[in-house]
Amino acid sequence: MARARRWRSGRGAVAVIVGLLLGSAVIRVGSGSGVAIAREFAPPPHVEETQVPERKADISPLLEALQAREAALDARERQIQDRMKALSMAEDAVDQKLAALVDAEERLRETLALADGAAENDLARLTTVYENMKPKDAVALFEEMAPEFAAGFLGRMRPDAAAGIMAGLSAETAYAISVYLASRNADVPKE
């Protein structure tokens, strides 16, 4: 008997669900859903020949605009490529000129070093000549020199040769040369 009650209570729930589904179907058919479903499965309406050219006419300005845009982009791309080539050529020219400038600077540096070396050699040779002269002959030359010029030579000479020349100079000239010798490194920073 318990089995019979269970079966009957289960039958009622199924009947209620079936009733709800049938009621839903009736409402949908009555509200026009059936018409929408029927349209979905119906073949498409016949398209007239006059409608197709109108659509092409609507698309043609867009197509022309896209083609014009593509042509403009192609022209712009060619301009950019031309500029890149010109920049590459200019960069190569700048690199060549820079290399030439570096080479010229190196040659100038060598020339200046040679000139400085030659001038230094000339001064060293002249200093040696003055050192080897008899002091009374060198004194006559140093009396005629400007004191700063004479001080430059005396500062480069051996102390014994410079002393012999200074001893023969007049007191005024010897004093002026001494002042230049004493002050020539005064401007050097001490720190």
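Note that the structure is predicted; figures quoted are calculated from it, not measured. Numbering starts at 1 and runs along the sequence shown.
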Enquirer: If a pair satisfies ring pair (Phe, Tyr, Trp, His ring centres under 6.0 Å) and one of its residues is in residues 94-136, list it, with sequence neighbours excluded.
Expert: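 Applying ring pair (Phe, Tyr, Trp, His ring centres under 6.0 Å) to every pair that reaches into residues 94-136, excluding sequence neighbours, yields Y130-F142, Y130-F153.
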Enquirer: Going by the rule side chain to side chain contact (heavy atoms under 4.5 Å, CB included), which residues pair with A146 if we only count those two or more places apart in sequence or in a different chain?
Expert: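 A146: side chain to side chain contact (heavy atoms under 4.5 Å, CB included) contacts with E148, F149.
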Enquirer: When Ile, Leu, Val, Met, Phe, Trp and Tyr are grouped by side-chain heavy atoms lying under 4.5 Å apart, directly or through other members, which residues fall in the same group as L112?
Expert: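 Taking Ile, Leu, Val, Met, Phe, Trp and Tyr as members, L112 shares its hydrophobic cluster with L108.
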Enquirer: Supply the atom-to-atom distance T127 OG1 to N132 CG, rounded to the nearest 0.5 angstrom.
Expert: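 Between T127 OG1 and N132 CG, I get 11.0 Å after rounding to 0.5 Å.
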Enquirer: Near E172 CD, under 6.0 Å, is it more than 12 heavy atoms from other residues, nucleotides or ligands?
Expert: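 Atom CD in E172 is not packed in, count stays at 12 or less.
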Enquirer: Only counting residues at least two apart or in another chain, list the ones meeting side-chain hydrogen bond (donor to acceptor under 3.5 Å, both in side chains) with S170.
Expert: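 In terms of side-chain hydrogen bond (donor to acceptor under 3.5 Å, both in side chains), with neighbours along the sequence ignored, S170 is linked to E143, T173.
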Enquirer: Apart from L62 itself, what residues make up its hydrophobic cluster when side-chain heavy atoms of I, L, V, M, F, W and Y under 4.5 Å apart count as a link, directly or indirectly?
Expert: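 Noted: L62 shares its cluster with L66.
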Enquirer: What is the distance from atom CD of E91 to atom CG of L98, rounded to the nearest 0.5 Å?
Expert: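 Here the interatomic distance stands at 11.5 Å.
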Enquirer: The criterion is side-chain hydrogen bond (donor to acceptor under 3.5 Å, both in side chains); which residues satisfy it with D95, sequence neighbours excluded?
Expert: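 Expected list: none.
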Enquirer: When rounded to the nearest 0.5 angstrom, what distance separates CE in M166 from CG in L154?
Expert: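 So the CE of M166 and the CG of L154 are separated by 6.0 Å.
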Enquirer: Roughly how far, to the nearest 0.5 Å, is the CD1 atom of I165 from the CE atom of M133?
Expert: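 Going from CE on M133 over to CD1 on I165, the span is 8.0 Å.
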Enquirer: Using 0.5 Å steps for rounding, measure from the CD1 atom of I80 to the CG atom of L87.
Expert: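 Here the rounded value is 11.5 Å.
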Enquirer: Taking side-chain hydrogen bond (donor to acceptor under 3.5 Å, both in side chains) as the test, write out the residues that go with Q96, two or more places apart.
Expert: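 None.
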Enquirer: Going by the rule side chain to side chain contact (heavy atoms under 4.5 Å, CB included), which residues pair with D74 if we only count those two or more places apart in sequence or in a different chain?
Expert: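 With sequence neighbours excluded, D74 shows a side chain to side chain contact (heavy atoms under 4.5 Å, CB included) to E70, E77, R78, given in chain and number order.
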Enquirer: Given 3.5 Å as the limit, does a donor-acceptor pair link the side chain of S88 with the main chain of M84, or not?
Expert: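 Checking the backbone N and O of M84 against the side chain of S88, no donor-acceptor pair under 3.5 Å is found.
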Enquirer: Checking R107 now: which residues fulfil side chain to side chain contact (heavy atoms under 4.5 Å, CB included) with it, not counting sequence neighbours?
Expert: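 Listed in chain order: D103, A104.
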Enquirer: Connecting only ILVMFWY residues whose side-chain heavy atoms lie within less than 4.5 Å of each other, what is the rest of I17's hydrophobic cluster?
Expert: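 L21, all in the cluster of I17.
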Enquirer: Under the rule for salt bridge (charged side-chain N to carboxylate O under 4.0 Å, His left out), what residues qualify as partners of R158, not counting sequence neighbours?
Expert: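 Only E131, D160 meet the salt bridge (charged side-chain N to carboxylate O under 4.0 Å, His left out) criterion with R158.
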Enquirer: Hey, what else clusters with Y175 if you join Ile, Leu, Val, Met, Phe, Trp, Tyr whenever side-chain heavy atoms sit under 4.5 Å?
Expert: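 Direct or chained contacts put Y175 with V179.
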Enquirer: Does atom CD of E144 have more than 12 heavy-atom neighbours, drawn from other residues, nucleotides or ligands, at distances under 6.0 Å?
Expert: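 No, the 6.0 Å shell around CD holds no more than 12 heavy atoms from other groups.
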Enquirer: Which pair of non-hydrogen atoms, one from G164 and one from P135, has the smallest distance, and what is that distance?
Expert: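 Answer, listing the atom of G164 first, then P135: O-CB, 4.0 Å.
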